[in-house]
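What follows is a set of notes on a single structure, which appears directly below.
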Amino acid sequence: MTVRRGFVDTENGQIHFRSCGVGKPVIMLHQTPRSSDEYLEVLPLIGSKFWAIAMDSIGFGDSYRFEGEMNIERLALGVVQFTSALNLERFSLIGHHTGAVIAVEVAASFPSKVEKLVLSGCPYIDEKEREKRRDKKVIDSYESRIDGSHLIQLWNDRLQFYPKNRPDILDRFIIDALKAGRNAAEGHIAVSKYKMEDKLSKIKCPTLLIAGTADPFAYPHLYKLRENIVNAMVVEIEGGTVALLEQMPEKFAAAVLDFLNMEVD
């Protein structure tokens, strides 16, 4: 199945996306500092049954940049801008890591727009977690150096969290991180400041939580999330890492399709 690329115009700038398939729309949001490239293998699998659309979050990939602080609320408004530009009144929403946190905000603040919600690799951010993150080094933060050592730094900082013997996935990460520039770390900072505990109870749509068991940032939070979202379903993917979408696209897509195809009472 062919994955096509395009742009939509918004009042603030252009938003880039990849898409394939036809039918009900399913919007996909990537982690920091990736782009819609993260869903490259997943798109045709979801696109076999739905209109699968992966967007570059504003500030990332080939979507427009903006001035001022990056926060989850602003990134969520970018999603609303994007779906409005496509004339989508209602859609299902998938988010991975940062994308999952953005998806929480969209589902909580714009409940009439989200039919079903999939949160993959989603952390649980409350005051305790915000305090824990406050003084930690922010991953993916870098300054360009003439000897290129920032490339090694970016690679090595991510290496321990990625599947073994998959340098191709890290290659794709590096490309997106360099394209994001200063925003490579800003998405993580936005997640760490987000008051998620105020929003989870506002999610009313059917929700699926997915986490890879080898994802140290998300898997420990999986059941805390379920406690705070009404009737959320859970799928664990054995051995799945931070790079779950590229690492195990078939298992990820199978879980998502089962959920999206499920009848809602």
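Fair warning: this is a prediction, and the values are worked out from it, not measured in the lab.
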So CD of E38 and CG of L29: to nearest 0.5 Å the spacing works out to 10.5 Å
With R145, which residues qualify under side-chain hydrogen bond (donor to acceptor under 3.5 Å, both in side chains), at least two apart? S149, Q153
Check this for me, if you would: do K199 and E105 make a salt bridge, where the nitrogen-to-carboxylate-oxygen distance has to be below 4.0 angstrom? yes
What residues join V230 in its hydrophobic cluster, counting side-chain heavy atom gaps under 4.5 Å, either direct or through other members? none
Same apolar cluster (I L V M F W Y, side chains within < 4.5 Å links), L86/V79: yes
Min side-chain heavy-atom separation S35-R18 under 4.5 Å: yes
Which pairs pass salt bridge (Lys or Arg N to Asp or Glu O under 4.0 Å) with one or both residues in residues 56-65, sequence neighbours excluded? R5-D62, D62-K179
Is there a side-chain contact between I237 and T213, using heavy atoms and a 4.5 Å cut-off? no
Could you measure the distance from the CD atom of E197 to the CD1 atom of I125? Nearest 0.5 Å is fine. 9.5 Å
4.5 Å side-chain heavy-atom contact, I15 and Y64: yes
Does the pair V106 and K113 meet the rule for a side chain to side chain contact (heavy atoms under 4.5 Å, CB included), with working shown? CA-CA 8 Å; V106 174; K113 293 184 177 296; 5.5 Å; no
Side chain to side chain contact (heavy atoms under 4.5 Å, CB included) between I58 and T10, intermediate numbers included: CA-CA 11 Å; I58 58 174; T10 74; over 6 Å; no
Residues which pass salt bridge (Lys or Arg N to Asp or Glu O under 4.0 Å) with K204, listed by chain and number, not counting sequence neighbours: none
Quick one: does H221's side chain have a donor or acceptor within less than 3.5 Å of a partner on Y124's backbone? yes
Measuring only between side-chain heavy atoms, which start at C-beta, is F252 closer than 4.5 Å to I46? no
Which heavy atom in K116 sits nearest to a heavy atom in L260, and how many Å separate them? NZ-O, 3.2 Å
Pairing residues for I152 by the side-chain contact (heavy atoms from CB on, under 4.5 Å) criterion, not counting sequence neighbours: N156
Shared hydrophobic cluster for Y223 and I203 (ILVMFWY, side-chain gaps under 4.5 Å): yes
Presence of salt bridge, K224 and E129, under 4.0 angstrom: no
Which residues pass the side-chain hydrogen bond (donor to acceptor under 3.5 Å, both in side chains) test with S201, sequence neighbours left out? none
Mind checking salt bridge (Lys or Arg N to Asp or Glu O under 4.0 Å) for K195 and listing every partner two or more places apart, or none if nothing turns up? none
Does R166 pair with E246 as a salt bridge, N-O distance under 4.0 Å? no
Compare every heavy atom of A177 with every heavy atom of L154, then report the nearest pair and how far apart it is. CD1-CB, 4.3 Å
Evaluate side chain to side chain contact (heavy atoms under 4.5 Å, CB included) for W155 paired with L170, printing each intermediate quantity in order. CA-CA 7 Å; W155 185 284; L170 280 163; 3.7 Å; yes
Result block: side-chain N/O donor-acceptor pairs under 3.5 angstrom for residues 90-100, not counting sequence neighbours:
unit_1 : atom_1 : unit_2 : atom_2 : d
R90    : NH1    : S112   : O      : 2.9
H96    : ND1    : S120   : O      : 3.4
H96    : ND1    : S120   : OG     : 2.8
H96    : NE2    : V242   : O      : 2.8
H97    : NE2    : D215   : OD2    : 2.7
T98    : OG1    : T32    : N      : 3.3
T98    : OG1    : T32    : OG1    : 2.9

Gap separating the CG atom of L119 from the CD1 atom of I210, nearest 0.5 angstrom: 9.0 Å
So how far is it from D37 CG to D176 CG, rounded to the nearest 0.5 Å? 5.5 Å
Closest non-hydrogen atom pair between Y194 and V101, with its separation: CD2-CG1, 3.4 Å
Would you mind listing every salt bridge (Lys or Arg N to Asp or Glu O under 4.0 Å) that reaches into residues 118-127, with sequence neighbours excluded? E127-R130, E127-R134
Whether over 12 other heavy atoms sit under 6.0 Å from N231 CG: no
Which pair of non-hydrogen atoms, one from L117 and one from C205, has the smallest distance, and what is that distance? CB-SG, 3.7 Å
For residues 181-191, dump all side-chain donor-acceptor pairs below 3.5 Å to protein atoms at least two apart in sequence or in another chain.
unit_1 : atom_1 : unit_2 : atom_2 : d
N183   : ND2    : G59    : O      : 2.9
H188   : NE2    : D140   : OD2    : 2.6

Check whether the ring centres of F82 and F17 lie less than 6.0 Å apart, and answer yes or no. yes
E143 atom CD: more than 12 heavy-atom contacts under 6.0 Å: no
Start with the C-alpha distance between M55 and Y39, add both sets of side-chain angles, then the distance that settles side chain to side chain contact (heavy atoms under 4.5 Å, CB included), and finish with yes or no. CA-CA 9 Å; M55 65 174 283; Y39 285 93; over 6 Å; no
Give every residue pair that meets the side-chain hydrogen bond (donor to acceptor under 3.5 Å, both in side chains) criterion with at least one member in residues 247-256, sequence neighbours excluded. T241-Q247
Do I139 and L178 share a hydrophobic cluster, counting only Ile, Leu, Val, Met, Phe, Trp and Tyr and linking them when any side-chain heavy atoms are less than 4.5 Å apart? yes
On a heavy-atom basis, which atom in A218 and which in C122 lie closest, and how many Å separate them? CB-N, 3.9 Å
Checking K202 now: which residues fulfil side-chain hydrogen bond (donor to acceptor under 3.5 Å, both in side chains) with it, not counting sequence neighbours? none
Taking V138's backbone N and O only, do any of them form a donor-acceptor pair with S141's side chain (distance below 3.5 Å, no angle check)? no
Rounding to 0.5 Å, atoms CD1 (I27) and CD1 (I102) come to a distance of 13.0 Å
Could you tell me if the side chain of R158 sits less than 4.5 Å from the side chain of Q160, heavy atoms only? no
Would you say the side chain of N228 lies within less than 4.5 Å of the side chain of M196, judging by non-hydrogen atoms? no
For the hydrophobic clusters of this structure (ILVMFWY residues joined by side-chain heavy atoms under 4.5 Å, transitively), does one cluster hold both V3 and I53? no
When rounded to the nearest 0.5 angstrom, what is the spacing between OG1 in T83 and CZ in F110? 9.0 Å
Distance-minimising heavy-atom pair for F173 and P33: CE1-CD, 3.5 Å
Is the closest side-chain heavy-atom distance between K49 and V26 below 4.5 Å? no
Looking at side-chain heavy atoms only, is the closest gap between V234 and L222 below 4.5 Å? yes
So if you build clusters from Ile, Leu, Val, Met, Phe, Trp, Tyr with side-chain heavy-atom gaps below 4.5 Å, do L88 and V118 land together? no
Crowding at NZ, K137 (>12 non-hydrogen neighbours, <6.0 Å): yes
